Amino acid sequence: MITVKNLYHSYTNDQAYAVKGISFEISKGEVFGFLGPSGAGKSTTQGILTGLLPLQKGDVEVAGYDMHHRKRDMFNKIGVSFEQSNVYNKLSAIENLEFYKKLFDVNTVDPMKLLELVGLDKVAHKKAGTFSKGMKHRLTFVRSMLNNPELWFLDEPTTGLDPAIARQIIEIVKQKKAEGTTVFLTTHNMNIADELCDRVAFIIDGDIKLIDSPRNLKLQFGEKLVVVDHIVNDQKIQDKFSLINKEDLDKLNTIIQTGRIEMMHTKEATLEEIFIKVTGRGLE
Amino acid sequence: MRKFLAVISRDIKSGTRDWLIIYLSVAALLIALILRALIPGVSNSAMNVVFVEGTDSNLIAHVESHATVGVVSDEAALRERILRMDDVLGVLVEGEQYKIIKQGNEVMPMEETLKFVLNTYKGQSIDLPIQVAFSDIGWEISPLKLEGGSLLIIFTTVFGGMLIVLNLVEEKMSNTLSAINVSPISRTVFILGKGALGFTIPIIGSIGSVLILGFAGINYGMFIISVICIALISIIIGFSIGVVNNEPISAIASMKMVFLPVLASIFGAMFLADKWHFILYWSPFYWAYDSIHAILLNEATWQQVLVNCGIIIGLTGLVFLALRKRIAHGLR
Ligand SMILES: Nc1ncnc2c1ncn2[C@@H]1O[C@H](COP(=O)(O)OP(=O)(O)OP(=O)(O)O)[C@@H](O)[C@H]1O
Ligand SMILES: [Mg+2]
C-alpha cells in the first residue's frame, strides 16, 4: 500500500534534513505505527505521503500512485485525519461533512451515521465554531472516514482527548482494521501503538531506528519485571526486580522471606521502555 | 462541475453567516441608493410628451389618453424642455414622419411606448409605412451621478476581491485548506469556485447600481464585459492577499492598500487634464474608469471597450505573473 525508499526532506532546501533517507513498506490491511518524540519528523513524513509537502528526494508510492506525479483522484481512496482539527467554524457539523462529501467521486458514508459514531449527532446542526476542542477533533476524525478509505492516515488521533473519547476512537480504528483498512498511525502514545499496530517504526531525528511488531520487540528487548511494594522501617517503598538477573532474584527472595510485602505483581516491559532502551531517548 | 458548485455554495452558506461579507455584498447597492437620494430631480415614471404648438390636435388628443402632454411654442423651446433633469420625450411632425426627440437617458420602455402610441395613431391608414426617426441631443447627466456611478462600479469589483480575501482567510485561519488539499478536488476547480463569487457579486452589484441610478439605457454587453475584466484584477489581488494572511484584520489592512491606487487613478482621470493622463496608464483601474465612464455616457464604442479590456487583461497578466508564486505557495 505504501512504499518509501530513501526519503529525504528539507524545509530549507539545503542539507538540514528533517527526514534523512528513511525507507519502509506498509502492506495492505496493515496498521503501521510511526512513533517518535516531538520533532522527530513524523508529521513531515505523513505530509509527504499525503502530498501536502512536495516530494524532494527519494521514491514514494502511495496506494498505487507514484508521488512524483501526484494525482488528485488518489484521494478518493485515502482518508486523512489531522493532528490539529480543521473544520469550517461557520458551518454546522453536518454541513461540514456534507460539503466535504461532495468533493468525492466514489460512494460515501451517510454523514449522520458518522456523527452518531462519535456521539456528535445531537449537535449535528450546531455550528462547529461553538464546539469544544474534543468535539472538533472528533469531527475532523470522522470527516476522514467519509469515503470509506482503503488507506487511512491518522496523525495523533487521540492526543489531547479525554480517555473516554480516546477509547471511542481506538475502538473505531480497531473496527476499521478488522474491515481491512490500511492505517498509517502517527503518535507518541506507546500504549495506543501497542494496542493497535501490527508493526511500529521508531523514528528519531528524521531517522528510523528500527521497525518490528510490538510483540517481537517485547520478546527481544523486554525483560519480565516483578514490582514489589514493601515496608522497610515503617516506610513504604517500591522496587523492581528483573527475573533473569541473578542478583535481582536473590534480593527478591530476601524480601519475600523477611519483608512485609503489601503488593507484588509481574510487569511486561512497555513499548515506551523499549523505545527508551533502543533509542536512548524519552518520548517527550 | 458538482465540486465547483459545492465550493460556491459553501462560500455562500458561510457568507450569509458573516456580517462583514453580507455588508460587502450589498455595499454597492446601498451606496447607489445614497447617491440616488443625493441626485436632484428624480425622474417621474409616468410618460411625459411635449409637442410644438400647431401640431395636429387629434394626434395630441390621441397621445394625451396615454401620457401627460405639454405644448411649447417652438422647436427650440421643445429641445430646452427635454434637456431638463426629468424624463420628457418630444415629438416633431415632419410631413408623414414623426421624429422623437430624446435626451438619451430616458428609460427605454418609455420611448418604445411612445413609438407604439404614435404607431397606433398612424396605423389608422394602413398603407402608410410607419417611420419614426430619432435625434439625440446629448446625454446630460449630473456629474455626481456620472462620476459617482463610475467610481461605484469599479468599487463593486474591489468589494468582490475583498469577499475572496475573507473567504480565503477563513480557509487559512482554520487550515481547512489542508483538508481540501487531501481531497479529490483539483486545485483549478477549487480556485475557480473560490473566484466565482468575486465575479458574481460585482456583476450583480454593478447592474443593480446602474438600475438604481437610472442608467438603464446603457449597452449591457459592453458593461458586463468591462466589469468582468476589472473584476479579474481585483480577484487576483484578492487571492494574493487572501492566501498570505491568516487573520482577517491584517488581510483587510492589506486590502486597503489596494484602494489607494484605485482611488488615485480614478481621481486622476477625473481631475487631471487629458495631456497628463499618460501618467495613469500603468493603472488597470484607469482604463476601467475610462471604459465605464464612456459606457455610462452611452458614448462607448466596442473598439474602445475591447481595447481597454485588452489593456486591463494585459496589466492583470503582469500582476498575475508577479504574484503567481505567492498565490501557489499560499495555497499549499
Ligand atoms: N514548516 C516547517 N518549516 C521548517 N521546519 C519545520 C517545519 N515543520 C517542521 N519542521 C522541522 O522539522 C522537524 C520535524 O518536524 P515534524 O513536525 O515532522 O515532527 P513530528 O515528529 O511530527 O513532531 P510532533 O510530535 O511535535 O508532531 C522538526 O525539527 C521541525 O522543527
Ligand atoms: Mg507531528
Side-chain angles (χ1 to χ4, degrees), chain A residues 11 43 46-54 62-63 65 70-92 94-106 108 127-131 136 139-144 146-147 149 151-153 155, chain B residues 1-25 163-194 196-197 242-243 246-248 325 328-332:
Chain A
Y11 284 99
S43 297
Q46 173 164 335
I48 297 163
L49 296 186
T50 54
L52 285 174
L53 291 172
V62 175
Y65 291 87
R70 278 180 276 170
K71 294 227 174 59
R72 276 302 174 105
D73 66 336
M74 69 186 281
F75 294 108
N76 281 315
K77 295 197 211 170
I78 294 175
V80 182
S81 181
F82 293 83
E83 181 173 3
Q84 249 110 37
S85 49
N86 51 355
V87 294
Y88 294 108
N89 286 329
K90 279 182 259 162
L91 300 190
S92 69
I94 192 95
E95 284 167 343
N96 262 289
L97 297 187
E98 260 154 13
F99 163 66
Y100 209 68
K101 181 182 149 90
K102 290 191 201 127
L103 305 182
F104 292 103
D105 310 302
V106 291
T108 45
K127 281 189 202 165
T130 65
F131 284 8
K136 281 190 190 176
L139 184 57
T140 307
F141 176 78
V142 288
R143 186 183 58 199
S144 71
L146 268 168
N147 54 333
L151 173 59
W152 200 10
F153 287 94
D155 196 349
Chain B
M1 194 62 190
R2 175 177 44 94
K3 297 176 187 178
F4 172 71
L5 290 178
V7 174
I8 297 175
S9 64
R10 195 219 70 85
D11 278 356
I12 293 176
K13 205 175 273 175
S14 174
T16 55
R17 293 171 194 172
D18 186 321
W19 282 109
L20 193 54
I21 290 181
I22 293 177
Y23 172 72
L24 281 179
S25 313
L163 212 72
I164 290 181
V165 171
L166 292 177
N167 276 326
L168 280 173
V169 166
E170 184 199 0
E171 298 263 0
K172 293 282 283 187
M173 211 161 65
S174 54
N175 193 27
T176 38
L177 215 48
S178 300
I180 295 290
N181 283 335
V182 294
S183 79
I185 182 175
S186 76
R187 180 166 295 181
T188 320
V189 171
F190 179 72
I191 289 177
L192 290 179
K194 280 280 164 195
L197 280 186
V243 295
N246 291 327
E247 45 98 19
K325 276 243 169 65
H329 191 263
L331 280 174
R332 271 226 294 276

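Quantities reported herein were computed from a predicted structural model and do not represent experimental measurements. In what follows, every chain begins at residue 1, and chains take the letters A, B, ... in the order their sequences are listed.
Between Arg2(B) and Phe104(A) the shortest heavy-atom distance is NH1-O, 3.1 Å. When all heavy atoms of Ser9(B) and Lys102(A) are compared, the pair lying nearest together is OG-NZ, 4.4 Å. Between Asn175(B) and Asn86(A), the closest heavy-atom pair is O-ND2, 2.9 Å.
Distance check, rounded to the nearest 0.5 Å: CZ of Phe99(A) to NZ of Lys13(B) gives 10.0 Å. A distance of 5.0 Å separates OG in Ser178(B) from CZ in Phe82(A), rounded to the nearest 0.5 Å. The distance from atom CZ of Phe190(B) to atom CZ of Arg72(A), rounded to the nearest 0.5 Å, is 9.0 Å. To the nearest 0.5 Å, atoms OG (Ser186(B)) and CG (Leu103(A)) are separated by 10.5 Å. Atoms CZ and OG1, on Arg143(A) and Thr176(B) in that order, are 8.0 Å from each other to the nearest 0.5 Å. To the nearest 0.5 Å, the span separating OG on Ser174(B) from NZ on Lys90(A) amounts to 9.0 Å.
Contact annotation: the side chain of Leu52(A) approaches that of Val182(B) to within less than 4.5 Å [non-hydrogen atoms, C-beta and beyond]. Side-chain contact between Asn89(A) and Met173(B): absent, with no pair of heavy atoms (C-beta onward) separated by less than 4.5 Å.
The salt bridge (charged side-chain N to carboxylate O under 4.0 Å, His left out) test applied to Lys3(B) returns Asp105(A), not counting sequence neighbours.
Using a cut-off of 4.0 Å between Lys/Arg side-chain N and Asp/Glu carboxylate O, Glu98(A) and Arg10(B) are scored as not salt-bridged.
When atom types are taken as modelled, the side chain of Tyr100(A) and the backbone of Ala179(B) share a donor-acceptor pair closer than 3.5 angstrom.
With a 4.5 angstrom heavy-atom cutoff, Lys127(A) touches chain B only via side-chain atoms. There is no contact between Leu5(B) and chain A, counting heavy-atom distances below 4.5 Å.
Among Val7(B), Asn181(B), Val189(B), the residue with the largest count of heavy-atom pairs under 4.5 Å with chain A is Asn181(B). In terms of non-hydrogen atom pairs under 4.5 Å with chain B, the most contact-rich of Thr140(A), Asn76(A), Thr50(A) is Asn76(A).
Within 6.0 Å of OH on Tyr11(A) lie more than 12 heavy atoms contributed by other residues, nucleotides or ligands.
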